Amino acid sequence: MKAHHRKIPFRPPAKRYDVKVSRAGLLLRFLRCYVKPHRWSILFCILLSAPQVCSVYLMSYYGRIVVDRILVITPSAPARPPQVGAENYRVWTDESKRVGGASLPGESQGRRIDMGVAASARPPGAGIMLLTVFILYATTLIGLNFLGRAVQQRRIRVGRQIAGHLREDMHEKILSLSMSFHRAHSPGRLLSRILSDVEVLQQQLVDTIMMVSNTVIMICTGTVILLTIDWKIFLFVVATAPVYAVMYRYASEVIREISLELRHTNTCLWGFVSQKFDALKAVQAYGRERLERLNFHRLTSCFLRDALLQQRASAGLGRSAGIVGSAATTTIFLFGATRVMAGRMTLGEMLFSYSTAASLFGPVLELAQLNLIFANLGVTMQRVADILDTPLEITDAPDAVEFPSPVKRGFSLQHVAFSYDPENEEVESVLTDVNLHIPAGTWLCVMGPSGSGKTTLLYLLSRLYEPTHGSILVDGIPMKKIKTDSLRMRMGFVPQEAKIFSGTVRDNICYAYPDARPKQIMAAAKAAELHDFIMDMPVQYETIIGEKGTTLSGGQRQRLSLARALLTSPEVLILDDCTSALDADTEGKIQTTLATILEGKTAVIVSQRVSMARRCHKICVVDNGVITEYGTHDELIARGGFYSVLHAQQTELPPVIS
Ligand SMILES: Nc1ncnc2c1ncn2[C@@H]1O[C@H](COP(=O)(O)OP(=O)(O)O)[C@@H](O)[C@H]1O
Ligand SMILES: [Mg+2]
């Protein structure tokens with residue numbers, strides 16, 4: 001299969017799943033978890049759709065009645081004496097009146113006319129019978145229509161419920177997966193799994209269940225009908241099944257492969273669009289719209305080509321299957337015709353068995369396609385299960401304890417090392433052998449050049465990531481042994497980049513503490529120097545902030561994020577350079593308020609400002625993943641290292657440009 005069209009930017013190679021991982025096992029699991037709760041609804045659909053799928057036989061049966069009992073001509077007034085043996089010609093007879101079982105066929109109307117038989121002669125009550133059949137036919141169609149609607153409605157509802165259930169599980173899982181997972185999976189790609197893959201999976205699951213049950217019902221009914229009429233015709237149908245099975249066996253591999261690539265391209269498209277929309281400002285600022293359009297076009301073209309490939313493969317298969325089907329139906333027709341001529345079958349029976357056999361090819365073909373259907377279903381199931389089965393990296397140990405409150409001894413980092421990609425040896429460790437003690441009730445200022453590992457250190461302290469080596473202890477208890485919920489409640493983390501949600505200012509401040517009273521919310525906003533700004537807004541705390549806080553400035557976003565953390569009155573506060581976008585005056589005011597709020601609490605603060613460092617009990621300098629300086633302000637000034645240089649830079653007045 002040609003695949004050069006897939007080697008394009010923003011489309012890494014698709015992940016290969018181990019095909020040996022039992023598809024049947026996965027299917028059983030999905031059936032148990034997601035389909036079983038709706039079993040009664042599905043059974044209802046299957047039972048109600050049974051008459052519908054079998055209606056094709058019923059319609060053929062009506063045809064048989066019309067041909068055998070209405071359209072036949074009775075030799076009421078022979079114009080000339082019947083020929084020898086003519087009395088044996090059965091033109092209309094009751095089953096009960098059959099002589100010697102088999103009867104000879106009715107002659108065509110034209111022939112009867114030739115023979116001089118009155119063409120108008122019909123079986124007694126033919127008109128009434130025709131009307132009855134017509135009414136039955138119409139009633140069946142109307143009834144089937146109503147049944148079809150009921151099945152369709154229930155089927156759609158079950159499908160939606162299954163998709164909803166699956167999406168909730170995936171959403172919950174994605175929320176609980178650690179940062180390491182999210183580092184490797186972009187939000188757009190995860191969205192495609194939750195929305196697109198789940199949609200396809202629920203459709204395929206419900207369709208497959210309905211298809212298999214309908215097929216079985218149709219085959220069973222068709223088999224019984226054919227066996228009662230003539231078992232030899234049934235053999236013709238059976239003979240095609242292995243031919244189909246062989247054809248589909250070879251095609252299913254190709255179609256499975258294309259299906260995998262298609263789903264992957266779909267994921268890449270989602271990832272690409274969400275990434276570029278997120279960075280729309282940069283795209284426009286650098287005038288890269290044309291390039292982005294081209295990239296998007298390449299991805300959509302790749303999707304289109306794979307979709308066409310898949311359709312071509314399926315259509316090719318369909319055509320071959322059609323040829324086999326047509327050959328078999330023609331043979332059955334010929335065979336039936338010879339049986340009629342030999343007087344072993346009535347014309348109506350022949351037409352009935354012919355159309356029953358023709359209708360049976362559909363289900364037999366579908367049964368042969370099962371492998372292909374499972375191949376497609378398998379691809380989607382594996383992609384969904386891939387997320388659901390990702391092991392949780394950060395979990396509570398069975399003997400996990402509550403976070404010590406109040407913290408008595410403080411935090412200890414022992415030989416802590418960390419790499420964002422520990423399995424890849426080429427990726428250097430971000431932190432190497434960090435040993436640090438943060439006594440309870442003290443503030444530690446973390447400084448260092450950009451990219452030295454400060455934020456990473458805070459991530460480890462907040463247990464957003466686990467250290468690759470070494471351990472972090474809180475009051476002597478390893479972090480792994482502390483319940484994550486209680487840790488998150490006691491520790492406040494203000495990230496470097498403020499995360500704002502769309503909603504009101506109030507919703508944003510009390511995100512971590514939704515039951516906060518207005519007074520508490522205002523106190524937090526005042527501490528973050530945000531209250532005055534909020535009061536100037538049209539509806540103050542109820543003002544709606546645009547998506548991601550686009551209506552706020554960088555500094556305002558940072559202050560909002562700080563107010564959110566302060567509202568929870570955390571035991572330990574971790575601030576990641578969260579005042580970097582503020583003017584010196586506001587920053588000074590916040591520092592003073594923080595000094596009062598954090599009195600007696602433990603704080604780890606990343607800052608580039610010496611003014612902040614001076615308020616902290618201890619300062620540590622991280623450089624290239626190791627702690628190079630540690631001590632008080634005076635000690636570090638005396639050392640003459642990074643800190644003293646920074647201090648000099650920030651306190652020294654720049655020369656006046658004349
Ligand atoms: N999500 C990530 N995946 C891989 N590498 C990362 C990631 N985040 C940061 N890094 C790398 O880790 C190093 C330290 O980053 P960081 O802790 O953010 O630095 P700082 O906060 O000191 O500026 C940098 O070299 C950066 O390239
Ligand atoms: Mg940082």
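Counting convention: from 1, in listed order, for ligands and their atoms alike. Nothing here was measured: the structure is a model prediction, and the numbers come from that model.
- With a 4.0 Å heavy-atom cut-off, ligand 1 is reached by the side chain of R183 but not by its N, CA, C or O.
- Using a 4.5 Å cut-off on side-chain heavy atoms (C-beta onward), E289 and E292 make no contact.
- Distances from atom 13 (C) of ligand 1 to the heavy atoms of V430, D421, L460, N624 show the closest one on V430.
- Per-residue contacts place S450 under 4.0 angstrom from the following atoms of ligand 1 (heavy atoms of the residue considered): 23 (O).
- The contact set between ligand 1 and T456, taken as ligand atoms under 4.0 Å from a residue heavy atom, comprises 14 (C), 15 (O), 16 (P), 17 (O).
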| said: Using side chain to side chain contact (heavy atoms under 4.5 Å, CB included), reason through D576 and V446 one step at a time and then give a plain yes or no. | reply: CA-CA 9 Å; D576 189 1; V446 183; over 6 Å; no
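- Taking every non-hydrogen atom of G453 and a distance limit under 4.0 Å, the qualifying atoms of ligand 1 come out as 14 (C), 17 (O), 19 (O), 20 (P), 22 (O).
- Taking the six-membered ring where tryptophan is involved, the planes of F403 and F411 are tilted, since the angle between them lies from 30° to 60°.
- Checked by atom type, the side-chain pair T586/R559 shows no donor-acceptor distance below 3.5 Å.
- Within the structure, ligand 1 has S452 among the residues with a heavy atom less than 4.0 angstrom away.
- Residue-and-atom listing of protein N/O/S atoms under 2.8 Å from the Mg ion (ligand 2), sorted by chain and number: T455 OG1, Q496 OE1.
- A donor atom on one side chain and an acceptor atom on the other are found under 3.5 Å apart for S196 and N266.
- A tilted orientation is assigned to the rings of Y541 and H531, their planes being inclined by 30° to 60°.
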